[in-house]
Amino acid sequence: MHHEGQAMSDTIFSKIIRREIPAEIVYENDEVLAFRDLNPQAPVHVLFIPKRPLATLNDATASDAELLGHLLLATADYAKREGFAEQGYRTVINCNEDGGQTVFHLHVHLLAGRRLHWPPG
Ligand code: DGP
């Protein structure tokens, strides 16, 4: 998978940020947008993405530390707001091929609403 030469604006998630394609947006602040995954793996499956695009976690630098913090804080904020924070949930960042990453705009999966298996396999 070659994504290095591809402009970040080409990903489907950038189109969602620009409202060019529809998505069920459930959370938004200045730095972060969250919407339901098209192919949900749990009763709750929401993707949290930075509005400022970053292809993979490998591309993050120290200057992105605050942005990465905002992403995780947004997931916990959403979980509390939706009332499943105490019951529990999982956050996942897939990176590159072995991680199963398919969209090269960094995203945090938030999974909840059922007992999740560990290890994931
Ligand atoms: P990953 O495998 O970690 O790169 O996850 C990408 C996720 O994005 C995958 O679970 C399916 C989801 N997805 C892909 N295209 C779309 C889309 O157009 N809309 C929405 N809502 N989700 C999408």
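For ligands, and for the atoms within them, numbers begin at 1 and follow the listed sequence.
E28 has a carboxylate O that lies under 4.0 Å from a charged side-chain N of K51, or vice versa, which qualifies the two as a salt bridge. Taking 4.0 Å as the cut-off between side-chain N and carboxylate O, R36 and E24 count as a salt-bridged pair.
In this structure, H109 has its ring center under 6.0 Å from that of H107.
Using cut-offs of 30° and 60° on the angle between ring planes, the pair Y78 and Y27 is perpendicular.
The protein residues lying under 4.0 angstrom from ligand 1, judged by non-hydrogen atoms, are I12, F13, I16, F35, R36, D37, L38, L47, N94, G100, Q101, T102, V103, H107, H109.
The environment of D98 atom CG is sparse: at most 12 non-hydrogen atoms of other residues, nucleotides or ligands sit within 6.0 angstrom. At most 12 non-hydrogen atoms from other residues, nucleotides or ligands lie less than 6.0 angstrom from CD of E66.
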